Amino acid sequence: RARRERNASMTSILLAFGPPELQSTPFVKKGCTETIIDVPISDNLYYVKESDQRLYKSTLDGTGEQLLSDKAVTSFVLTNSGVFYVSNSGKNDGINYFYRVSHGGADHLLLQDKISQIETDNSQIYLELSSADYGMKIFDSTGKLQVTITDSIDYWFIHKGQLIFTGKNGISTLISP
């Protein structure tokens, strides 16, 4: 079970994983004080250190720590196919970079845009954008772009594998990427 707590004064990400038989259906919801995502992950912890804002992994007992990215990470998600993260440009221009972690080489840049939120349901990765051109981009679990939503999005959540959102017209729309 991965748990990220959001709080104005909290920047750390708390992770705890249990055995696969205790894991349940993925659940993601925007607007909550916390997001809980259940994904079948190996016996590793993935975390961002507050001291350097870099992404690491270690074994469940905290040994074998390994740096996964040399970039400052603002948020990340885990899927069965890999680890993905968002890093900002450091220029206060609102531009962020969406990467897939590459083991043994340079990380793969998948998108450069004004990313305001990243979530996953383990089969899709959802990037909410704050740019004027797009509202959201949806990638599959390997990092391939599947859907681009061009309307602005006010509120959204995932329910039984479908994205439900309200746009500028206030109309709820269902899509299944």
Side-chain angles (χ1 to χ4, degrees), residues 2-15 26-37 39 46-50 52-55 68-79 81-101 106-159 161-177:
R3 179 175 156 208
R4 181 175 63 198
E5 294 186 3
R6 291 187 209 162
N7 181 312
S9 64
M10 181 181 284
T11 58
S12 62
I13 296 172
L14 308 174
L15 295 173
F27 174 78
V28 179
K29 186 173 181 183
K30 180 181 175 185
C32 291
T33 57
E34 68 180 45
T35 300
I36 297 173
I37 304 168
V39 292
Y46 294 83
Y47 52 94
V48 172
K49 281 189 179 180
E50 287 186 348
D52 63 4
Q53 298 300 304
R54 303 302 191 251
L55 182 60
L68 294 180
S69 176
D70 60 356
K71 297 168 183 59
V73 174
T74 57
S75 57
F76 70 94
V77 295
L78 309 169
T79 71
S81 302
V83 181
F84 299 84
Y85 68 91
V86 175
S87 180
N88 66 29
S89 66
K91 299 178 186 175
N92 291 327
D93 58 3
I95 300 297
N96 298 297
Y97 302 92
F98 176 53
Y99 291 96
R100 179 184 176 140
V101 171
D107 292 348
H108 300 288
L109 178 64
L110 302 174
L111 180 68
Q112 178 180 338
D113 207 327
K114 294 183 178 183
I115 302 167
S116 59
Q117 183 174 348
I118 181 174
E119 299 290 352
T120 187
D121 66 358
N122 201 33
S123 63
Q124 305 290 330
I125 302 166
Y126 303 86
L127 294 176
E128 182 180 358
L129 306 176
S130 58
S131 64
D133 297 330
Y134 301 105
M136 180 174 279
K137 292 197 177 195
I138 303 171
F139 294 78
D140 69 12
S141 65
T142 66
K144 182 179 176 188
L145 182 63
Q146 298 292 301
V147 175
T148 299
I149 299 172
T150 57
D151 288 341
S152 64
I153 294 178
D154 298 322
Y155 179 82
W156 63 276
F157 63 96
I158 312 307
H159 179 70
Q162 292 188 319
L163 173 65
I164 302 170
F165 68 95
T166 58
K168 61 184 175 184
N169 296 327
I171 300 171
S172 296
T173 305
L174 291 170
I175 67 165
S176 183

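None of these values were measured; they are calculated from a predicted model.
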message = As a quick check of understanding, evaluate side-chain contact (heavy atoms from CB on, under 4.5 Å) for L163 and M136, giving each step before the final call.
response = CA-CA 11 Å; L163 173 65; M136 180 174 279; 3.5 Å; yes
query = K71 versus Y97: any side-chain heavy-atom pair under 4.5 Å?
reply =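 In short, these two side chains do not touch, never coming nearer than 4.5 Å.
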request  = For the residue pair K137 and L111, establish whether any side-chain heavy-atom pair is separated by less than 4.5 Å.
outcome  =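 Heavy-atom side-chain distance check passes, below 4.5 Å.
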query = Pick from V73, V83, D107, V86: which one makes a side-chain contact (heavy atoms from CB on, under 4.5 Å) with Y99?
reply =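 Between Y99 and the candidates, side-chain contact (heavy atoms from CB on, under 4.5 Å) is satisfied uniquely by D107.
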ask   = Among I95, T74, N96, which one satisfies side-chain contact (heavy atoms from CB on, under 4.5 Å) with I115?
value =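 It is N96; the other options fail the test.
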key: Distance-minimising heavy-atom pair for T79 and S141   =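 For T79 versus S141, the nearest heavy atoms are OG1-O, 3.0 Å.
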task = Would you name the heavy atoms of F84 and T142 that are closest together and state the gap between them?
result =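 Minimum heavy-atom separation between F84 and T142: CZ-C, 3.7 Å.
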Nearest 0.5 Å, please: how far is [atom2] in [Y] from [atom1] in [X]?
X    : Y    : atom1 : atom2 : result
Y126 : I138 : OH    : CD1   : 5.5 Å
L129 : Q117 : CG    : CD    : 11.0 Å
I158 : I164 : CD1   : CD1   : 8.0 Å
L110 : K144 : CG    : NZ    : 13.0 Å
L127 : T148 : CG    : OG1   : 10.0 Å
S81  : N122 : OG    : CG    : 8.0 Å

ask   = With distance as the sole criterion, is a donor-acceptor pair present between the side chains of S69 and Y85 under 3.5 Å?
value =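 Result is yes, a qualifying pair exists.
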ask   = Is it the case that S116 and S130 place a side-chain donor and acceptor less than 3.5 Å from each other?
value =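 Side chains of S116 and S130: no pair found under 3.5 Å.
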task = In sequence, state the C-alpha distance, the side-chain angles, and the governing distance for F165 and E128, and then conclude on side-chain contact (heavy atoms from CB on, under 4.5 Å).
result = CA-CA 11 Å; F165 68 95; E128 182 180 358; over 6 Å; no
inquiry  = For a side-chain contact (heavy atoms from CB on, under 4.5 Å) check, start with the C-alpha distance between L78 and T120, then their side-chain angles and the critical distance, and finish with the verdict.
reply    = CA-CA 8 Å; L78 309 169; T120 187; over 6 Å; no
task = Taking the six-membered ring for Trp and the full ring for Phe, Tyr or His, determine whether the centres of F98 and F139 are under 6.0 Å apart.
result =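 Under 6.0 Å, so yes.
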request  = Please step through side-chain contact (heavy atoms from CB on, under 4.5 Å) for the pair F76 and V101, ending with a clear verdict.
outcome  = CA-CA 10 Å; F76 70 94; V101 171; over 6 Å; no
message = Determine whether D121 and S123 satisfy the following criterion, side chain to side chain donor-acceptor pair (under 3.5 Å), listing intermediate values before the conclusion.
response = CA-CA 6 Å; D121 66 358; S123 63; 3.1 Å; yes
key: Donor-acceptor contact present, side-chain R54 to main-chain K49, <3.5 Å   =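 No; zero donor-acceptor contacts below 3.5 Å.
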